[in-house]
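Side chains included, hydrogens not; waters and symmetry mates left out as well; all remaining heavy atoms used. For the single chain, residues carry numbers from 1 onward in sequence order.
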Amino acid sequence: MPSKVNPRRYSSEVVDGLKQAPSRAMLRAVGYKDADFKKPAIGVASTWSNLTPCNMHIDKLARAAAAAIDKSGGKSTTFGTITVSDGISNGAPGMRYSLVSREVIADSIETVSGAQGFDGVVAIGGCDKNMPGCMMALARLNRPSVFVYGGTIRPGAKRRDIISVFEARGAFASGAISAREMNEIERTAIPGPGSCAGMYTANTMASAIEALGMSLPNSSAQEAVSRHKIKDCQDAGKAVVRLVKAGITPSQILTREAFENAIAVVIALSGSTNAVLHLLAMAHAANVPLELDDFTRIGARVPVLADLRPSGKYMMSELIRIGGIQPLMKMLLDEKLLHGDCLTVTGKTLAQNLKSVKRYPKSQDIVRAFSNPIKPDSHLVVLYGNLAPEGAVAKITGKEGLSFSGRARVFDGEEASVQAILDGKVVAGDVVVIRYEGPKGGPGMREMLSPTSAIAGRGLADQVALITDGRFSGGSRGFVVGHIAPEAAVGGPIGLVRDGDAITIDAQTREIRLDVAAETLAKRRNEWRAPEPYARKGVLAKYARVVSSASRGAVTDCEV
């Protein structure tokens with residue numbers, strides 16, 4: 001822990017002196033005693049909700065963190081924020097609210113913490129948007145903070161998870177499984193609390209935050225229902241009080257080098273494309289310059305090492321059993337692929353945290369050696385071309401091949417594409433184009449998990465490509481390209497594509513190209529008209545008016 005400083009005490013502005021007697025009177029009613037007004041005030045941001053397995057247990061975790069804060073000399077105050085279940089809303093109109101929820105979470109934690117004058121914050125998140133939403137708030141507030149991941153779910157029967165259900169729909173539609181089998185998969189895939197079981201977005205972002213240094217070691221690699229997760233919350237409560245006393249804030253931890261560490265870990269884990277969108281947004285909140293091309297630069301020297309779902313074999317629980325991500329980080333540090341001198345919420349550097357970490361057992365085959373990588377460079381491929389002048393993000397592990405050429409099958413929205421896939425109208429050699437699903441056009445940049453799962457379920461994952469100005473679930477697999485910018489709704493070239501057009505995607509040259517003559521595209525552009533907005537009032541309308549391009553993280557507080 002760095003030497004003690006005299007940190008700013010935000011709570012004194014709320015509770016000290018005669019003028020704040022009304023504030024103290026209000027706080028006495030919620031349990032404050034005389035002595036509590038002299039203690040560091042620590043907010044515990046809880047994303048508890050029983051609307052999703054990812055968050056249904058977080059009330060218990062919040063209580064464990066709060067009790068540890070109180071025992072460590074702080075005064076805890078627990079407050080709630082929202083969650084949206086991607087697994088439930090995926091494929092439905094409600095998925096438009098998912099990415100919007102990231103902003104609501106960030107804004108609400110910032111609002112409560114700023115208004116209440118908290119000296120520090122512990123934020124506990126479960127479902128996908130909880131993690132970046134919490135982190136964006138902590139970065140903006142820049143008060144001593146610790147993030148706690150709610151933990152991964154345990155595998156369902158026969159090692160099933162939520163993606164098993166999504167893909168089973170396609171298998172049922174093609175006749176590969178019976179209605180009885182479909183029902184059994186639905187009933188047994190989700191056994192209880194915790195976030196989705198593979199290296200999907202929740203586990204990806206939890207791992208990235210641990211690599212950033214904003215959660216305690218192993219926080220990302222614990223099952224939701226475990227004594228380890230309870231202890232993680234207790235340790236976070238103790239840690240935040242130490243951080244307050246030492247004056248260590250997120251700005252000292254969230255450096256450019258820390259974000260480079262996070263990118264390296266995400267790549268080694270074969271993590272979700274959503275990590276690109278969220279790390280850009282988190283860096284924006286932390287005033288750290290980060291661009292799409294940084295993923296390419298780092299990805300050129302970091303291999304994919306972990307054989308994890310959706311493209312691989314293993315689940316997060318199985319990675320946990322061999323040590324989680326700490327041994328992987330030690331491997332990366334030894335290869336000089338991490339910055340070891342980055343400060344973390346332990347008060348120590350990353351290298352100091354990793355010094356005593358044991359290496360993976362020799363018998364395991366979940367995380368490969370550098371001499372035998374799954375892919376020698378990143379699976380997160382940033383593409384440019386006449387279809388994506390501002391960039392696009394592909395998830396290409398190499399198992400799908402490194403290039404794809406085909407004919408466009410164009411859909412203005414997700415629903416029509418899913419029906420066409422399930423009806424067998426999408427065939428080998430097609431490039432499914434789903435547009436008007438970007439940050440503004442959707443609005444909300446829906447995940448294309450339903451269409452990608454339907455393609456995989458019909459056995460076409462290696463024969464059909466899918467491109468979109470929307471985004472993908474961490475559970476998506478196949479030859480998929482998202483985040484195409486500019487998006488169709490603002491006049492991006494993806495809005496000019498027509499059925500039958502030739503499209504080429506090349507991961508080696510990092511190009512996505514519409515093979516149509518320039519004069520033809522110019523004629524189409526003159527004929528193009530912007531669509532009517534999906535919503536004219538309410539949160540979706542507000543979001544669409546202010547959200548930035550996906551290439552900038554789809555944030556809502558960019559300076560014009």
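Side-chain contact, H284 with D557: a donor N or O sits under 3.5 Å from an acceptor N or O. In this structure, a donor-acceptor pair under 3.5 Å is present between the side chains of Y200 and D161. Side chain to side chain, S272 and T204 fail the donor-acceptor criterion of an N or O pair below 3.5 Å. Between the side chains of N130 and N55, at least one donor N or O lies within less than 3.5 Å of an accepting N or O. With no hydrogens or angles considered, a side-chain donor-acceptor pair links S219 and D232 at under 3.5 Å. A donor-acceptor contact closer than 3.5 angstrom links the side chains of E390 and S549. A donor and an acceptor atom, one from each side chain of E210 and Q326, are located under 3.5 Å apart. In this structure, a donor-acceptor pair under 3.5 Å is absent between the side chains of D430 and Q463.
Taking 4.0 Å as the cut-off between side-chain N and carboxylate O, R477 and E167 count as a salt-bridged pair. Between D334 and R359 there is a salt bridge, since at least one side-chain N of the basic residue sits less than 4.0 Å from a carboxylate O of the acidic one. A salt bridge does not link R446 to E487: none of the charged side-chain nitrogens sits closer than 4.0 Å to a carboxylate oxygen. Residues K129 and E103 are not paired through a salt bridge, judged by the lack of any N-O separation under 4.0 Å between the basic side chain and the carboxylate. A salt bridge between R102 and D128 is absent, with no side-chain N of the basic residue lying under 4.0 Å from a carboxylate O of the acidic one. Ion pair R524/D501 flagged as a salt bridge, since at least one NZ, NE, NH1 or NH2 atom sits closer than 4.0 Å to an Asp/Glu carboxylate oxygen.
With a 4.5 Å cut-off on side-chain heavy atoms, R368 and P373 do not count as touching. L305 has its side chain within reach of M331: a pair of non-hydrogen atoms, C-beta onward, lies under 4.5 Å apart. Residues D365 and Y314 meet the side-chain proximity criterion, which asks for heavy atoms closer than 4.5 Å. Considering only heavy atoms from C-beta on, E414 comes within 4.5 Å of S450 through its side chain. Side-chain contact check for M182 versus R169: some heavy-atom pair is nearer than 4.5 Å. In this structure the side chain of I88 never reaches within 4.5 angstrom of the side chain of M95, judged on heavy atoms. Under the 4.5 Å side-chain criterion, counting only non-hydrogen atoms from C-beta, E447 is not in contact with F472. Contact of the F259 side chain with the M282 side chain is registered, since non-hydrogen atoms from C-beta on lie closer than 4.5 Å.
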Next on the checklist: For a side-chain hydrogen bond (donor to acceptor under 3.5 Å, both in side chains) check, start with the C-alpha distance between D515 and T504, then their side-chain angles and the critical distance, and finish with the verdict.
Outcome noted: CA-CA 7 Å; D515 295 316; T504 298; 3.0 Å; yes
Item to check | Derivation of the side-chain contact (heavy atoms from CB on, under 4.5 Å) call for L212 and I253 | outcome: CA-CA 7 Å; L212 279 168; I253 296 171; 5.7 Å; no
Checklist entry - Can you check salt bridge (charged side-chain N to carboxylate O under 4.0 Å, His left out) on D412 and R435, steps first, answer last? => result CA-CA 5 Å; D412 290 346; R435 62 192 182 189; 2.6 Å; yes
Next on the checklist: With side-chain contact (heavy atoms from CB on, under 4.5 Å) as the criterion, how do R513 and L387 come out once you've worked through the C-alpha distance, each side chain's angles and the decisive distance to 0.1 Å?
Outcome noted: CA-CA 6 Å; R513 186 176 70 248; L387 254 178; over 6 Å; no
Next on the checklist: What verdict does the side-chain contact (heavy atoms from CB on, under 4.5 Å) test give for F295 and S378, after you've listed the backbone C-alpha separation in whole Å, the side-chain angles of each residue and the deciding distance to 0.1 Å?
Outcome noted: CA-CA 8 Å; F295 290 82; S378 181; over 6 Å; no
Next on the checklist: Pair Q364, V367 - check side-chain contact (heavy atoms from CB on, under 4.5 Å), show working.
Outcome noted: CA-CA 7 Å; Q364 66 86 27; V367 179; 4.1 Å; yes
Next on the checklist: Between T397 and S311, is the side-chain hydrogen bond (donor to acceptor under 3.5 Å, both in side chains) condition met? List the steps.
Outcome noted: CA-CA 7 Å; T397 64; S311 59; 4.6 Å; no
Next on the checklist: Show, in sequence, the C-alpha distance, side-chain angles and deciding distance for S317 and E223, and conclude whether the side-chain hydrogen bond (donor to acceptor under 3.5 Å, both in side chains) test is met.
Outcome noted: CA-CA 7 Å; S317 289; E223 290 182 336; 2.9 Å; yes
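Taking every heavy atom of both residues into account, P451 and S417 meet most closely at CB-OG, 3.9 Å. Summarising the geometry of M329 relative to A211, their closest heavy-atom pair is CE-CA, 3.8 Å, with the distance given to 0.1 Å. Here the closest heavy-atom approach between residue V497 and residue A408 is recorded as CG1-CB, 3.7 Å. Taking each heavy atom of M199 and P310 in turn, the nearest pair found is O-CD, 4.1 Å. Between L337 and P303 the shortest heavy-atom distance is CD1-CD, 4.3 Å. In plain terms, the two heavy atoms of C196 and I162 that are nearest each other are SG-CG2, 3.5 Å.
For the atom pair CD1 (I209) and OG (S220), the distance works out to 9.5 Å, reported to the nearest 0.5 Å. Note: I366 CD1 to I322 CD1 = 4.0 Å, rounded to the nearest 0.5 Å. In this structure, OH on Y534 lies 4.0 Å from CZ on R96, to the nearest 0.5 angstrom. Expressed to the nearest 0.5 Å, how far OG of S476 lies from CG of L466 amounts to 8.5 Å. Annotation: the span from S403 atom OG to F479 atom CZ amounts to 6.0 Å, rounded to 0.5 Å. The line from CG of L290 to CG of L280 is 5.5 Å long, rounded to the nearest 0.5 Å.
Around the OH atom of Y384, the shell of radius 6.0 Å holds more than 12 heavy atoms that belong to other residues, nucleotides or ligands. Heavy atoms from other residues, nucleotides or ligands lying under 6.0 Å from CZ of R552 number 12 at most.
The backbone N or O of T509 lies less than 3.5 Å from a partner atom in the side chain of D506, making a donor-acceptor pair. When atom types are taken as modelled, the side chain of T81 and the backbone of T47 share no donor-acceptor pair closer than 3.5 angstrom. Under the 3.5 Å distance criterion, the side-chain polar atoms of D294 are matched with a main-chain donor or acceptor of E291. In this structure, K158 contributes its side chain and I185 its backbone to no donor-acceptor pair below 3.5 Å. Judged by distance alone, the side chain of E318 and the main-chain N or O of M315 form a donor-acceptor pair under 3.5 Å. A distance-only check finds no donor-acceptor pair linking the side chain of R309 to the backbone of G475 [under 3.5 Å]. Between the side chain of T468 and the backbone N or O of R471 there is no donor-acceptor pair closer than 3.5 Å. At distances below 3.5 Å, at least one donor-acceptor pair connects side-chain atoms of R159 with backbone N or O atoms of K313. With K229 contributing its side chain and A221 its backbone, the two residues share no donor-acceptor pair below 3.5 Å. No side-chain donor-acceptor contact under 3.5 Å links T201 to the backbone of S473.
Checked options D307, L328, I325; the residue passing with L319 is I325 (criterion: side-chain contact (heavy atoms from CB on, under 4.5 Å)).
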